[in-house]
There are 2 protein chains.
Amino acid sequence: MKKETFSISEFAKSTGVSVRTLHYYDEKKILKPKRDKITGHRVYEKEDMIQLHKIMTLKFLGMSLDDIKEYMQPNTFDLNFVDTLRLQESKLIKDKEQIEIALEAIQRTVHLLENEKEVDHAVLVSLLASMQNEKKQQELSKGIIKDEAMKKMFPQTAKDKMVFEKGLLTFYKNVRELCGKPADHPEVKQMLDDFYRLILETLDMDSLEEIADIFSFNMEDKENEERVEAYIQEIERLIPTPLTEQEEAWLEKVTTNYMGPLWDDEERKN
Amino acid sequence: MKKETFSISEFAKSTGVSVRTLHYYDEKKILKPKRDKITGHRVYEKEDMIQLHKIMTLKFLGMSLDDIKEYMQPNTFDLNFVDTLRLQESKLIKDKEQIEIALEAIQRTVHLLENEKEVDHAVLVSLLASMQNEKKQQELSKGIIKDEAMKKMFPQTAKDKMVFEKGLLTFYKNVRELCGKPADHPEVKQMLDDFYRLILETLDMDSLEEIADIFSFNMEDKENEERVEAYIQEIERLIPTPLTEQEEAWLEKVTTNYMGPLWDDEERKN
DNA sequence: ATATCACCTCACGTAACGTTAGGCGCAATA
DNA sequence: TATTGCGCCTAACGTTACGTGAGGTGATAT
């Protein structure tokens, strides 16, 4: 005949949970074992082991102890158990997605940092924020940019993403170094050349005109303009710029200078 | 010229975090904005926004605020940042694996419950525990069972798993219903027939002899016997039986009776 | 004069335990 | 026999990252 009862430490050992946890479950009325009338010690029986397994199982499914307590009352087990499982499922799926996004961001960042030795904090944060909000960013863009253009708006393959990010890194570095130089300085021109070539390559576009085209929203439409404004605001909120205001101002100046002929071209067409 | 400073509520709105969170970060010395000397109100500047983005980014990577605080001191950012990222990565991978196991268990359980209307708690818990510890179970078995046999020991495909679990469900139901009946009762024989057919099918075995073979460990080897004993104990700890002691005793009796000729056969061979 | 606002500082509540801290009865040991 | 140690008990604080009031202040709007 097997031993019928366990002391708390025996029970803990044989089930793998801590004594404190058993105390806690008792206190919270989730698993209340009998007591030795004389000593007051907890006395666990086989039935308690079954109950504890039930608890552990539900916990494994991600339920809170409060939820579990409900399900520990007999008769209530399978009433809406499937519903509860479905709910847990969607929660877990969400968690998993978050983790996957974080994992990808980490892996991409590690890769980036392995090659580049010295990376600016601000740039790194900006990149990470961009990765973090990749999905949201695309969703926001959906309302504002044509569907066909969407595919070209963001790098698609993992490789493209990494190439793009690496290029972005050097671009930002260049901006910081060259900031203040005149727009027609050869290095500045080189920088912008590199940058737009990067975009053309990783975003699978055919020409700079195409980029310009995507960004030329219907500005006559007043309502649309508001949406575009809100869109840009939201993106700015999600993804901080790694540049100072001076750097941004300078960049805009040299970019306008660089793009000048192109924009004029566009204007002339309309 | 843009506005340079923000009140706490403005700052909260424009960054998307709560006022309370900002209070908290201030209190914990993670993000301490300047104060208005007169009113004592917090005054956030653009630099603070950059810092907050850094915080949010690191939080997104799964770091604790304590860890983040370390990285908020300048100069310490990229010292061992890659190492930290790697550490986070392995943590996240672990979490993800747990979630995946739970998700699979949930999905299989939901599937099971959709078809069977009335399922016993104990059986369900046992099944869930089995799913939960599938990996551990296999690892434990590795030390004890030959590698070639391992592949046959557990159902391999998702479909096989589901068929197996469904069969197990009806098997347990039968045991409860038939418990007490004589070993030569036709329904009992039917039950065992069904069960072993299930095993043969889902475990891809050719004969009952093969099953018997797998389980016939080297019992002469004293040391091995101990390991087998420990193995069985651990399995029992991980996966509770859904049967009462009576049911188990009865099952063992009728099984011995059913397997009788087979075992005799084995004995005679040696 | 008063109501409202935006801000402030406490300070408690949350989940699921981990971790002392102090006390009781029983057994082995010096 | 006194002490030590073991296993058990209860009580209570610590943990994380905030949410949610409670109560008070100065400035503005009615």
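Below, each value reflects all heavy atoms present in this structure, side chains not excepted, and no hydrogens, waters or symmetry copies. Just so we're on the same page: letters track the sequence lines, and every chain starts at 1. The shown structure was predicted, so the numbers you read here are calculated from the model rather than taken from an experiment.
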**Exercise: identify the closest heavy-atom pair between B:Leu61 and A:Ala102** = CD2-O, 4.3 Å
**Item:** Nucleotide C:dC24, atom P - distance to CZ of A:Arg35 in whole Å
**Value:** 17 Å
**Prompt:** D:dA17 P sits how many Å from B:Leu31 CG, rounded?
**Reply:** 15 Å
**Request:** Take atom CZ of B:Phe11 and atom P of C:dC8, then tell me their distance rounded to the nearest Å.
**Result:** 13 Å
**Message:** Counting only side-chain nitrogens and oxygens, does B:Ser18 get under 4.0 Å of the OP1 or OP2 atom of D:dC18?
**Reply:** no
**Item:** Position toward the 5' end of DNA chain D (nearest nucleotide), B:Met63 or B:Ile38
**Value:** B:Met63
**Asked** Can you tell me how far C1' of D:dC9 sits from CD1 of A:Ile8, to the nearest Å?
**Response** 9 Å
**Request:** Answer yes when A:Glu139 and A:Lys142 have at least one side-chain N-carboxylate O distance shorter than 4.0 Å, and no when they do not.
**Result:** no
Give me the distances for all protein-to-nucleotides 12-15 of chain C N/O pairs that come in under 3.5 Å?
none

**Request:** Report yes if a side-chain nitrogen or oxygen of B:Lys59 is closer than 4.0 Å to either non-bridging phosphate oxygen (OP1 or OP2) of D:dC18; otherwise report no.
**Result:** yes
**Spacing between B:Tyr25 atom OH and D:dC18 atom P, to the nearest angstrom** = 4 Å
**Prompt:** Within the structure, does a side-chain N or O atom of A:Arg42 lie under 4.0 Å from either OP1 or OP2 of D:dC9?
**Reply:** yes
**Message:** Does A:Thr39 reach a base, just sugar-phosphate, or nothing at all? Heavy atoms under 4.0 Å.
**Reply:** nothing
**Message:** Can you tell me if B:Thr21 touches the phosphate of D:dA17, counting only side-chain N or O atoms and a distance under 4.0 Å to OP1 or OP2?
**Reply:** no
**Message:** For B:Lys161, I'd like to know if atom NZ has over 12 heavy atoms of other residues, nucleotides or ligands within 6.0 Å.
**Reply:** yes
**Complete:** Taken to the nearest whole Å, CD1/B:Ile55 to C1'/D:dT16 is 16 Å
**Prompt:** Through what angle, rounded to 10 degrees, does the axis of the helix from C:dA1-D:dT30 to C:dA30-D:dT1 turn between its ends, using five pairs per end?
**Reply:** 40°
Result block: side-chain N/O donor-acceptor pairs under 3.5 angstrom for residues 26-33 of chain A, not counting sequence neighbours:
residue : atom : partner : partner atom : Å
A:Asp26 : OD1  : A:Lys32 : NZ           : 3.0
A:Asp26 : OD2  : A:Arg35 : NH2          : 3.3
A:Asp26 : OD2  : A:Arg42 : NE           : 2.7
A:Asp26 : OD2  : A:Arg42 : NH2          : 3.4
A:Lys28 : NZ   : A:Tyr24 : OH           : 3.3
A:Lys32 : NZ   : A:Asp26 : O            : 3.4

**Asked** Is the backbone of A:Thr241 close enough, under 3.5 Å, to the side chain of A:Ser126 for a donor and an acceptor to pair up by distance?
**Response** no
**Request:** Decide, yes or no, whether a salt bridge links B:Glu10 with B:Lys13 under the criterion of side-chain N to carboxylate O below 4.0 Å.
**Result:** no
**Check ion pair B:Glu114-A:Arg86 (N to O, under 4.0 angstrom)** = yes
**Request:** Report the C-alpha distance between A:Tyr71 and A:Thr84 in whole Å, list the side-chain angles of each, state the deciding distance to 0.1 Å, and finish with yes or no for side chain to side chain contact (heavy atoms under 4.5 Å, CB included).
**Result:** CA-CA 10 Å; A:Tyr71 280 109; A:Thr84 308; 2.2 Å; yes
**Message:** If I take atom CG in residue A:Asp36 and atom P in nucleotide C:dC24, what distance separates them, rounded to the nearest angstrom?
**Reply:** 18 Å
**Request:** Please determine if a side-chain N or O atom of B:His23 lies less than 4.0 Å away from the OP1 or OP2 oxygen of C:dC8.
**Result:** yes
**Request:** Using a 4.5 Å cut-off on heavy atoms from C-beta on, say whether the side chain of B:Ile68 contacts that of B:Lys59.
**Result:** yes
**Salt-bridge criterion met for B:Glu104 and B:Arg108 (N-O under 4.0 Å)** = yes
**Item:** Euclidean distance, atom CG of residue B:Asp26 to atom C1' of C:dC8 [Å, nearest integer]
**Value:** 11 Å
